[in-house]
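To start, the structure itself, in structure tokens.
None of these values were measured; they are calculated from a predicted model. Residue numbers start from 1 in every chain, and the chains themselves are labelled A, B, ... in the order their sequence lines are given, proteins ahead of strands.
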There are 2 protein chains.
Amino acid sequence: MATGRTHRPATRSRGIPEATVARLPLYLRALTALSERSVPTVSSEELAAAAGVNSAKLRKDFSYLGSYGTRGVGYDVEYLVYQISRELGLTQDWPVVIVGIGNLGAALANYGGFASRGFRVAALIDADPAMAGKPVAGIAVQHTDELEHIIESNGVSIGVIATPAGAAQQVCDRLVAAGVTSILNFAPTVLTVPDGVDVRKVDLSIELQILAFHEQRKAGEEGGAEAGHEAGHESAPPAEVTRAAAAAADRKGPDGDVPAVMPA
Amino acid sequence: MATGRTHRPATRSRGIPEATVARLPLYLRALTALSERSVPTVSSEELAAAAGVNSAKLRKDFSYLGSYGTRGVGYDVEYLVYQISRELGLTQDWPVVIVGIGNLGAALANYGGFASRGFRVAALIDADPAMAGKPVAGIAVQHTDELEHIIESNGVSIGVIATPAGAAQQVCDRLVAAGVTSILNFAPTVLTVPDGVDVRKVDLSIELQILAFHEQRKAGEEGGAEAGHEAGHESAPPAEVTRAAAAAADRKGPDGDVPAVMPA
DNA sequence: CTATCTTTGTGCACGCGTTCACAAAGGCAT
DNA sequence: ATGCCTTTGTGAACGCGTGCACAAAGATAG
């Protein structure tokens, strides 16, 4: 998923499988909800249903963390919340910087899920001098010039990029040079980073395109004649290609893709 | 990845593997960039580098679409752009509704990547009557009451949910009842949908937590003593659990997780 | 203390996805 | 026309992830 990810042996050092790590936050969310309702214990079956996964998978996932359940009873909610939090590294506070305070950057700054999960927005950074000093989500936006200073003095190791695609790599380079080793990238670009730096990518456009693919399939199947299957594979190239070229030509900017954000 | 996804035989009807479908948008983006620079052909090696994947993987992916390359030369950029677009269903226009026009909803509405890729924002919908009529990204926000009407009259089959977690399932039910069969969910909840409906989930909090996990690993490894490994697995439960319980107690809302958006 | 019943933890098999490595294919120079 | 050189397309091996099914473990009732 994390495209442009630093290549890594998938299964890290000798620990928890990547797929399991990706589900731990899911379990944690479900468990937190139970905790708030003061539910003392859950069975793997119940918790799996709440998290939307298979119960066998959940049990196997938990087995990587240790034997935290009680046979015949289930799992202690509070205990499990703590164990997963600790495994994910959420018992400490992670200062995070958000670069690119446009629509998306502002949405991220206001996102409550950060503070409640061990993350703290250390700074909001934007390249537009006019933004400097403006408060967003209660925090004054700072200019890009301050980037290195902010990161070093706050010990920031996680950065969020919400800039236009064109600025992303440059911002990324500066973040890495300043000491950031984990990046969450919302810009529609493949980032190049040195070894040891993790990049995860979130791309709205890609998600929608995947949905469109399935949607098209559904429409094609229902309509008796399988429009766009066997026959479709060999569609007439000449005129069609011209059409595609034209579509590409009158596309918006020369930027390839408009950023996920408009940095004021 | 799409948690809460309608369970499906993974490999759909006899076609392209799911993993390949997920990468097609990536290739498409890289190809579009090349197209704009008027590059006539690319080798699998070059394109793979641009998309941030392995070249063998890319070739295998393309092989599912057909034999569109020329040995010794590479792939025709324009032709490939068209073929992938068609395969993804982007040669037609998909009307999309966005429900929940808070910070995130507004960011999505302004997202340029939609229009340039075959998606059209048909309507912006919010539950707050005060929002009705207000223009966001050049489109007047409509009230939730209009939801069914909008979907049916526009033939919308793709919906985006950017509401608070508490409202997500209800909105989802209404969307599905009105005819939507694909949903992109930004709310931090597991959505339950009938068979035949696709749900994809994007969760900022989860991505950050995965980064935090790796970040913690890095920090632990460098510090000689493997803090949080063998010994860590057996951390003292008593006092610690209390601590976790306390942390859970003073958490923000009873909502479990603050939404990815503040719907005005 | 014993029997029963529930639920965990996991051995095992299967299938998807990834990667290697190479034969086939085609362009291009001579 | 012929041979060389580049690049595709894919057969095959491997590894990870998933899900089944069950034995072990423990709680609970009598």
For the student: nearest non-hydrogen atoms of Gln216(B) and Glu87(A), plus distance: OE1-O, 3.0 Å
Between Gly69(A) and Lys60(A), the residue closer to the 5' end of DNA chain C by nearest nucleotide is Gly69(A)
I need the [atom1]-[atom2] distance between [X] and [N], as an integer number of Å.
{"X": "Leu58(B)", "N": "dT10(D)", "atom1": "CG", "atom2": "C1'", "result": "14 Å"}
{"X": "Asn54(A)", "N": "dT10(C)", "atom1": "CG", "atom2": "P", "result": "17 Å"}
{"X": "Asp61(A)", "N": "dT8(C)", "atom1": "CG", "atom2": "P", "result": "14 Å"}
{"X": "Asp76(B)", "N": "dG27(C)", "atom1": "CG", "atom2": "P", "result": "13 Å"}
{"X": "Glu18(A)", "N": "dG15(D)", "atom1": "CD", "atom2": "C1'", "result": "15 Å"}
{"X": "Leu80(A)", "N": "dT7(C)", "atom1": "CG", "atom2": "C1'", "result": "15 Å"}

With respect to the side chain of [X], which nucleotide from [options] is positioned closest?
{"X": "Lys57(A)", "options": "dT10(C), dG19(D), dT18(C)", "result": "dG19(D)"}
{"X": "Arg71(A)", "options": "dT7(C), dT7(D), dG17(C)", "result": "dT7(C)"}
{"X": "Val73(A)", "options": "dA27(D), dT7(D), dA21(C)", "result": "dA27(D)"}
{"X": "Ala56(A)", "options": "dA23(D), dC20(D), dG17(C)", "result": "dC20(D)"}

Thr41(A) meets the side chain to side chain donor-acceptor pair (under 3.5 Å) criterion, sequence neighbours left out, with none
Does a side-chain N or O from Arg23(A) land closer than 4.0 Å to OP1 or OP2 of dT18(D), or not? yes
For Gly72(A) and for Arg59(A), find the nucleotide of DNA chain D with the closest heavy atom, then tell me which residue's nucleotide is more 5'. Arg59(A)
Taking atom types as modelled, is there a side-chain donor on Ser44(B) or Arg59(B) under 3.5 Å from an acceptor on the other? yes
For DNA chain D, determine which residues of residues 37-47 of chain A have any heavy atom closer than 4.0 angstrom to one of its atoms, and list them numerically. none
Short side-chain to backbone donor-acceptor contact, Lys218(B) and Gly196(A), under 3.5 Å: yes
Centroid separation Tyr75(B) to Phe62(B) less than 6.0 Å: yes
For Phe114(B) together with Tyr111(B), are the ring centres under 6.0 Å from each other? yes
Decide side-chain hydrogen bond (donor to acceptor under 3.5 Å, both in side chains) for Thr32(B) and Glu36(B); before the verdict, give the C-alpha distance in whole Å, the side-chain angles of both, and the deciding distance to 0.1 Å. CA-CA 6 Å; Thr32(B) 303; Glu36(B) 276 158 8; over 6 Å; no
Look at all strands and tell whether Tyr75(A) reaches a base, only sugar-phosphate, or nothing, counting heavy atoms closer than 4.0 Å. sugar-phosphate
